[in-house]
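Okay, structure first, notes after.
As the structure is a prediction and not an experimental result, all values here were calculated from the model. Chain A is the first sequence line, chain B the second, and so forth, proteins listed ahead of strands; every chain is numbered from 1.
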Number of protein chains: 2
Amino acid sequence: MEPVNIKKLAQLLNLSIATVSKALRDSYDISKETKEKVVALANELNYQPNPHASSLRKHKSKTIAVIIPEIANNYFTLAINGIESVAQEKGYHVLIYLTHEDYKREVAFARELFNGRVDGALISVAGTTTDYTHFKNLRDKGLPIVFFDRVCDEIDTLKVTTDDFESSYLATKHLIGQGCKKITHFAISSKLSIGNKRKRGYLQAMADHHLPVSDSLIVECINDDDRDIEMIEELFRREKPDGIFAAVERYAMDGYEVCSRLNLRIPQDVKVLSFSNLRIASFLNPSLTTITQPAFDIGKEAAARLLNNLEKKHAPLANESIVFKSSLIQRASTSSI
Amino acid sequence: MEPVNIKKLAQLLNLSIATVSKALRDSYDISKETKEKVVALANELNYQPNPHASSLRKHKSKTIAVIIPEIANNYFTLAINGIESVAQEKGYHVLIYLTHEDYKREVAFARELFNGRVDGALISVAGTTTDYTHFKNLRDKGLPIVFFDRVCDEIDTLKVTTDDFESSYLATKHLIGQGCKKITHFAISSKLSIGNKRKRGYLQAMADHHLPVSDSLIVECINDDDRDIEMIEELFRREKPDGIFAAVERYAMDGYEVCSRLNLRIPQDVKVLSFSNLRIASFLNPSLTTITQPAFDIGKEAAARLLNNLEKKHAPLANESIVFKSSLIQRASTSSI
DNA sequence: ATGTTTTACTCAAACGATTGCGCTGTAAGC
DNA sequence: GCTTACAGCGCAATCGTTTGAGTAAAACAT
């Protein structure tokens with residue numbers, strides 16, 4: 001309970017507070033002997049500098065914020081793993097904020113970050129967000145931001161994504177190649193650039209193969225399983241599609257559920273392909289053909305870039321896009337016959 | 001970039017810093033009119049108090065740490081969801097630390113928490129941890145700790161768990177009821193109290209049903225898929241079991257993998273049951289019978305208790321155990337025939 | 001011997017907010 | 001008309017650390 005702070009160290013060593021501080025920070029104008037004595041005692045007493053005092057003084061918190069829509073999601077989980085691994089390595093602390101796809105919470109979080117609690121932020125935008133001034137404000141205040149996965153194109157900063165258009169195109173093409181004629185798309189919010197890209201990839205592939213598309217073939221899911229399943233079921237009764245291209249894993253599972261309810265066989269009656277980072281996609285019944293993103297690497301890269309920028313703070317983060325390639329892994333859910 | 005701090009507010013309002021501070025904190029000796037003016041300007045300028053300054057002064061950080069072994073795990077993901085929900089509600093911030101089951105990192109994290117960065121911690125112990133002095137030190141320094149899931153019995157504080165012994169007993173009994181005679185157990189570190197309880201539940205059920213058990217039927221997995229699968233495969237070749245009781249989901253999936261490699265059919269040749277919080281356990285091939293824990297509620301309860309204790313700090317957290325009930329959900333992986 | 005540099009410290013002012021105490025002026029009490 | 005009370009606000013210390021500027025002594029140069 002008794003505080004072991006720099007003052008106490010100074011007292012015990014008969015040195016000034018300044019000397020102790022400089023010794024610990026390995027300043028060049030403290031003698032080697034003094035440094036050793038100071039460090040020895042600090043270790044002995046398990047001295048840990050008070051982060052608030054030092055953050056206050058230095059205007060650096062050695063902390064970053066991660067703002068994401070949800071955490072019960074393999075993609076974000078893997079990304080956090082990547083983020084945490086580089087944070088840990090570089091001695092940074094990671095604060096987690098979950099928006100639950102809610103714009104209001106996102107705004108509230110952004111406001112909180114104005115005050116120096118964190119040195120930078122890694123953000124994946126909420127599905128209900130349409131206005132980006134809360135992020136713009138952060139940016140204007142000079143807080144380094146890196147967007148990943150669900151990026152915000154309107155803000156000039158680093159973005160780390162996957163080749164969403166290309167892989168969606170590829171995915172749709174794969175379904176078509178397996179014999180699908182009427183493919184539905186379970187989309188994420190078209191307000192999100194990532195949602196748009198995935199949808200456009202799908203639309204383009206359909207068009208290129210002269211397959212008709214219409215809005216009635218697209219469900220914009222909302223991350224509420226009950227309601228999503230309802231909408232999907234309705235679409236199935238109405239359109240009787242023979243293929244599903246899901247923009248996220250969760251919706252693919254909703255698709256499985258609906259097929260099961262409607263007694264449709266996968267892949268005989270309906271083929272399913274989804275963006276997914278589920279480690280056990282191969283153990284699903286049937287095993288799920290996926291577009292898998294290098295989520296861990298994405299998180300790692302985003303964090304590494306951010307921290308790198310924080311260390312040598314000169315330039316603000318460039319308005320650059322880093323694009324990772326995702327890969328199509330074919331499994332039973334899209335096999336022909 | 002220009003800092004909008006309490007000083008600037010004071011200047012603009014022609015008031016002293018003290019008055020502004022007190023007005024914002026709704027102190028009783030500031031007039032209503034002044035308060036209103038202060039609050040109005042603060043909102044207009046989007047003033048956010050510097051958390052480091054106030055933490056330094058108040059010795060409170062409004063931040064808690066969550067130390068867990070891993071995050072790519074549905075249990076912990078759900079628990080974090082629960083934790084974050086109450087933290088958000090009560091205005092707390094959540095720092096995440098992943099030990100990756102590594103004792104050394106756990107010790108390092110614990111040391112970091114000595115310095116007031118956080119007001120309290122929620123901990124789930126790493127599998128390789130055998131010595132608990134790093135946590136004892138925290139406790140002795142007066143830092144409130146709540147253990148959840150993988151608790152540390154040797155430390156007097158609040159623990160939130162599930163009825164591990166009972167549900168393991170039940171699980172094993174279920175397998176036996178479905179016709180299994182030779183059940184293997186994929187265990188987590190026996191150094192963990194939770195590992196022990198699950199193992200004991202299994203052993204007790206086997207004993208009560210007069211089935212022989214031996215160490216050769218138990219694999220203590222280590223969270224490294226390749227090596228775990230190797231060990232499991234070896235056990236299968238050696239023992240030819242007809243049932244698997246996995247202490248965590250991941251090992252069950254390793255079991256699926258091994259069965260697939262050895263051309264063993266589930267559930268005809270081998271029945272599988274596992275602790276798991278996989279939302280889509282029912283879509284596995286075959287669907288997996290699970291013991292499912294109320295992970296979200298566990299996280300929520302643990303966090304609520306911790307924060308509650310932080311608010312009215314008088315008494316240290318009682319050495320109490322809160323036990324949640326988990327439920328057995330029967331699916332195809334254990335069906336007879 | 002005097003002047004200059006180097007070495008190894010210490011001083012004290014920040015950083016931004018909080019808070020006990022004290023000061024002022026007005027209103028109430030007698 | 002005097003004291004007393006109290007509302008409303010400011011002063012200044014404090015939290016623990018960092019850091020530029022200052023200083024005294026030792027080392028070196030002239």
Side-chain angles (χ1 to χ4, degrees), chain A residues 1-39 41-42 45-63 91 112-119 141, chain B residues 1-39 41-42 45-63 91 112-119 141:
Chain A
M1 216 65 219
E2 17 38 281
V4 38
N5 50 23
I6 211 169
K7 200 170 179 180
K8 171 160 272 178
L9 288 184
Q11 274 176 8
L12 292 175
L13 290 164
N14 252 334
L15 288 170
S16 77
I17 290 178
T19 304
V20 175
S21 174
K22 286 175 181 167
L24 289 172
R25 324 204 79 247
D26 204 26
S27 162
Y28 60 90
D29 66 16
I30 301 296
S31 76
K32 210 178 158 195
E33 300 80 46
T34 308
K35 277 181 193 169
E36 282 167 0
K37 278 197 294 184
V38 171
V39 170
L41 186 67
L45 301 186
N46 191 21
Y47 165 75
Q48 298 285 115
N50 182 307
H52 304 119
S54 122
S55 294
L56 176 58
R57 181 59 224 255
K58 299 204 293 186
H59 299 283
K60 292 219 158 286
S61 62
K62 279 264 177 183
T63 304
E112 290 246 12
L113 302 186
F114 271 119
N115 55 20
R117 186 181 292 276
V118 299
D119 296 339
K141 287 272 173 184
Chain B
M1 215 65 218
E2 16 42 277
V4 38
N5 51 24
I6 210 168
K7 200 170 179 177
K8 170 160 272 178
L9 288 184
Q11 273 175 11
L12 293 175
L13 289 163
N14 254 334
L15 287 170
S16 76
I17 291 178
T19 305
V20 174
S21 174
K22 286 173 184 168
L24 290 171
R25 323 204 79 248
D26 204 26
S27 161
Y28 59 89
D29 66 16
I30 301 296
S31 76
K32 210 178 158 194
E33 299 80 46
T34 308
K35 278 182 192 169
E36 281 167 1
K37 278 197 294 185
V38 171
V39 170
L41 186 67
L45 301 186
N46 192 19
Y47 164 75
Q48 298 285 115
N50 182 308
H52 304 120
S54 97
S55 294
L56 177 60
R57 182 61 225 256
K58 299 202 293 186
H59 299 284
K60 292 216 157 289
S61 62
K62 278 264 178 184
T63 305
E112 290 246 13
L113 302 186
F114 271 120
N115 55 19
R117 186 181 293 275
V118 299
D119 296 340
K141 287 272 174 184

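Close to dA17(C), at under 4.0 Å from its OP1 or OP2, lies a side-chain N or O of Tyr47(B). Between Ser31(B) and the phosphate of dC9(D), there is a side-chain N or O to OP1/OP2 separation shorter than 4.0 Å. The side chain of Arg25(A) contributes an N or O atom lying less than 4.0 Å from OP1 or OP2 of dT19(D). Look at Thr34(B) and you'll find a side-chain N or O under 4.0 angstrom from OP1 or OP2 of dC9(D).
Distance, Ile30(A) CD1 to dT7(C) C1': 10 Å, rounded to whole Å. Per the geometry, OH belonging to Tyr28(A) stands 12 Å off C1' belonging to dT6(C), to the nearest Å. Between Gln11(A) atom CD and dT17(D) atom C1' the separation is 16 Å, expressed in whole Å. As a whole-Å value, the separation of Leu9(B) CG from dG16(C) C1' is 12 Å. With rounding to whole Å, Leu13(A) atom CG is found 17 Å from dA8(C) atom P. To the nearest angstrom, P of dC15(D) lies 9 Å from CG of Asn5(A). Rounded to an integer number of Å, the gap from CD1 of Ile17(A) to C1' of dA14(C) is 14 Å. The distance from atom CG of Leu56(A) to atom P of dC15(C) is 9 Å, rounded to the nearest whole Å.
Residue contacts shown for Asp29(B) include a base, since a base heavy atom lies under 4.0 Å away. When heavy atoms are screened at a 4.0 angstrom cut-off, Ser21(B) is found touching base atoms of the nucleic acid.
In the interface, the side chain of Lys22(A) is paired with the base of dG20(D) through a donor and an acceptor atom under 3.5 Å apart.
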Pair Tyr47(A)-Leu41(A), side chain to side chain contact (heavy atoms under 4.5 Å, CB included): steps then yes or no: CA-CA 8 Å; Tyr47(A) 165 75; Leu41(A) 186 67; over 6 Å; no

Margin query: Apply side chain to side chain contact (heavy atoms under 4.5 Å, CB included) to residues Asn50(B) and Leu56(A) and explain how you reach the verdict.
Written below: CA-CA 8 Å; Asn50(B) 182 308; Leu56(A) 176 58; 4.3 Å; yes

Let's go through Arg117(A) and Thr63(A) carefully: what are the C-alpha distance in whole Å and the side-chain angles of both, what is the deciding distance for side chain to side chain contact (heavy atoms under 4.5 Å, CB included) to 0.1 Å, and is it a yes or a no?
CA-CA 7 Å; Arg117(A) 186 181 292 276; Thr63(A) 304; 5.8 Å; no

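Under the 4.5 Å side-chain criterion, counting only non-hydrogen atoms from C-beta, Asn46(B) is not in contact with Val4(B). Between Ile30(B) and Val38(B), the closest side-chain pair of non-hydrogen atoms is not below 4.5 Å.
Toward the 5' end of DNA chain C, the nearer of the two residues His52(B) and Asn14(A), judged by each one's closest nucleotide, is Asn14(A). Of the two residues contacting DNA chain C, namely Glu33(A) and Leu24(B), the nearest-nucleotide position lying further toward the 5' end is that of Glu33(A). Checking His59(B) against Lys35(B), the closest nucleotide of DNA chain D that is more toward the 5' end is the one next to Lys35(B).
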